[in-house]
Amino acid sequence: MNLRDVDDALDVADEVVPVDAPPQAAIAPQPSQNHSLKHSLLGPSLTKAGQDAVDQKKVAEIIYDASKGSKFFDNEEVKDRTLTVKIERILKQKAQLEKLDLKSDLRRADDYITSLELSRDLSQYVVHIDCDAFYAAVEEIDRPELRNVPMAVGQGVLTTCNYEARKYGCRSAMAGFVAKKLCPQLVCLPLNFDKYTAKAKEVRAILAEYDPRFESSSIDEAYVNITEYCDTHHIDPDAAVEQLRKEVHEKCKITISAGIAPNAKLAKICSNKNKPNGQFRIPNDRAAVISFISALPVRKVNGVGRVFERELDAIGIRTCGDIYAQRAYLHRLFGEKAFQFLMQTHLGLGRTIVQPAEEYERKSVGTESTFRDISNKNELREKLRHTAEELEKDMARVEVKGRTLVLKVKLHTYEVFTRQVAPPRAVHLADDLYNFSLPMLTKLEKDMPDFRLRLMGLRCTHLISTRKDKPNFFRQRSSNAKSADQENGEWEVWPDSEFEEAARQERQQEFDELERLSQEQPDFDPQSSTADWHEPFGRYKYGSEPNSPVARAGHLRNEGAANNKSGAEQEQQWDCPICQLPQPANDRDFNGHIDLCLSRQTIKEAVAEARPDPLRASPDVLSVSAPGLPKPRLSTKRKASASTGVKSGLSNTAANGRKQKKLFFT
DNA sequence: GCGGATCAC
DNA sequence: TATGGTGATCCGC
């Protein structure tokens, strides 16, 4: 189901919402019926995983009525209005662009497509595993009588619900009282993280049989590369995954859904295809990939949320196939990152690397909490104090200090503000956290006319390790983590710091020295002066690509790190993916070289030869092997795992001992 | 570098 | 009666 379908479903002879009204106008009462707002209120899980059995129109009306009049609702209306205005601006901008000569934009897009196509890797079998209604399923093991009644886990806000409850339109992230309106007999259970964690551990033990380097992306999701398993066991991917799912079902008593595809992005989409308790495969075949992706609504792709969906819809992009026709506009309308992301999405490309979550690096740690509205100054200080103490605990747990401190507040109106400060020294103790954030709070207090808060949070970024002892891989992990995600080994979203730190032991002294320096010079940046920041053990880093392959960022819409600037880059060289020759290791020069490389005659011929005939209905018939072109060199690690693409991920290739700028799609 | 916004789970 | 918490990253300034 795409946005259009939803709008059709919601079509009830509405008044038209004026698009040119300023956001502030939303404070005034709105027409009772508003397509996009209702769509928004339906929640994010609607279009990701289909809820086709439910009467969406009715559900939308109930949610709308239940929410109407609340401050939450008012704020949603403001956001909806703001987005409508923004989309108007995009449309105007596009109309302007249509008058211009976009030949160079078009060529740029086509050249990029060609370079992407040249690097396509179809050698891997990547599986995405997704446990069906995980928390609810675990609860049902202990209480089978709940299996056939609508049930949800989580009280204030539903964390998940079983399929029985979904028939009524209930879903995760929905407010409890709204869910009860949809389904009065809904049973709500409290969260029991220990139970889910234990079950997740059972499941991951099975995944490890198929791929010891599988990657958990959350407590109930994982990526497994079964290429090698299929090879050594002489089994095809479908059968291997059938077997894996059967094994999980029998041993763990829960069902899982799986997607099998040549890369992680497609696998993730596939796992939703036959949910629950099913699997779906896209063969490792370009034509199959293209035919699958072409008809796929963009909303199904990780990284396209409700906002981007509406923006794309406005310029005529609803499916991934629609992207191609708009390729000349994307860069100017949405920026470089979104352009690359959309081009890669259109071609069905994604990362083929699967690696343990431990190998990703934490960049911030924070805590926040919601409470009844508070405006009293002393009470607010108490809240800040409490928040600081909570953060100290968290920072002790992951053994870091922060060089930047961020205060977040949410007003009673649901408006969010953040303020940050760089204390003269790295901080982690509650006293420091409190003292350095208090001025930010008091200033906000002073500046805001009606400073009533419903939420307060503190976060530290620019982290510095405080670990002093020798790393020990077998050390007992701390068990007092606040959430299951942080508590458990291979399933956790974020690596335990000792794992990261183990890999950094050789930098410890350097760390200490840098920290000392940072305390003397607040602006000093350890990362920009550390010669070889990554991989003392030759491990790979592919930029920051944490839990989810497609960057979990609104505007990122891309995978991997954009700002993976290491000081090491300056002395390093990167290999050009086209000509294979080493190039200066900085983004500008490197990209410049790639442009040059791409514009060479051989490439031009390839482009001309491979470029789809614009008059043809299906533009996606690029020949993979362009004659006369060198094949991109692929890493042989884990069977040509590699990566290509044009994202600037930096990895340390142990073989040649120098940094290689890898191109990858992740 | 900062603050707002978006996205995922 | 009343709509979460944690973390990442992008964009515009």
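In what follows, every chain begins at residue 1, and chains take the letters A, B, ... in the order their sequences are listed. Values reported hereafter were calculated over all heavy atoms of this structure, with side chains retained and with hydrogens, waters and symmetry mates removed.
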If only side-chain N and O atoms of [X] are considered, is one of them under 4.0 Å from the OP1 or OP2 phosphate oxygen of [N]?
X      : N     : answer
A:N75  : C:dT3 : no
A:K337 : B:dT6 : no
A:T418 : B:dG4 : yes
A:R419 : B:dC2 : no

When you measure from the side chain of [X], which nucleotide among [options] comes out closest?
X      : options              : result
A:R299 : C:dG5, B:dT6, B:dA8  : B:dA8
A:A175 : B:dA8, C:dT3, B:dG4  : C:dT3
A:V178 : C:dG4, C:dT6, C:dT3  : C:dT3
A:K181 : C:dT3, C:dA2, C:dG5  : C:dA2
A:D220 : B:dC9, B:dT6, C:dG4  : B:dC9
A:E221 : C:dC10, B:dC9, B:dG4 : B:dC9
A:R362 : C:dA8, B:dC7, B:dC9  : C:dA8
A:S364 : B:dC9, C:dA8, C:dG5  : C:dA8

For the pair made of [atom1] in [X] and [atom2] in [N], what is the distance, rounded to whole Å?
X      : N     : atom1 : atom2 : answer
A:K408 : B:dC2 : NZ    : C1'   : 16 Å
A:Y360 : B:dC9 : OH    : C1'   : 16 Å
A:Q155 : C:dT1 : CD    : C1'   : 16 Å
A:K410 : B:dG4 : NZ    : P     : 14 Å
A:D80  : B:dT6 : CG    : P     : 11 Å
A:L191 : C:dT6 : CG    : P     : 13 Å
A:F72  : C:dT1 : CZ    : P     : 19 Å
A:F417 : B:dC2 : CZ    : P     : 18 Å

Side chains of [X] and [Y] only: does a donor on one sit below 3.5 Å from an acceptor on the other?
X      : Y      : value
A:S36  : A:N34  : yes
A:H331 : A:E336 : yes
A:R310 : A:T84  : yes

- Query: Mapping A:M174 and A:V365 to their closest nucleotides on DNA chain C, which lands nearer the 5' end?
  - Reply: A:M174
When all nucleic acid strands are considered with a 4.0 Å heavy-atom cut-off, which category describes [X]: base, sugar-phosphate, or nothing?
X      : value
A:R372 : nothing
A:A173 : base
A:R459 : base
A:S369 : sugar-phosphate

- List for me each residue that meets side-chain hydrogen bond (donor to acceptor under 3.5 Å, both in side chains) alongside A:D132, sequence neighbours excluded, and say none if there are none. A:T255, A:S257, A:K275
- Message: Less than 6.0 angstrom separating the ring centers of A:F339 and A:F334, yes or no?
- Response: no
- Query: On a plain distance test, is the side chain of A:T367 in donor-acceptor contact with the base of C:dT6 below 3.5 Å?
  - Reply: no
- Message: Does the plane of the ring in A:Y223 sit parallel, tilted or perpendicular to the ring in A:H128? Use 30° and 60° as the thresholds.
- Response: tilted
- For the pair A:Y196 and A:Y135, name the ring-plane relationship: parallel under 30°, tilted 30 to 60°, perpendicular over 60°. parallel
- Taking the same atom, P, in C:dT3 and in B:dA8, what whole-Å distance lies between them? 24 Å
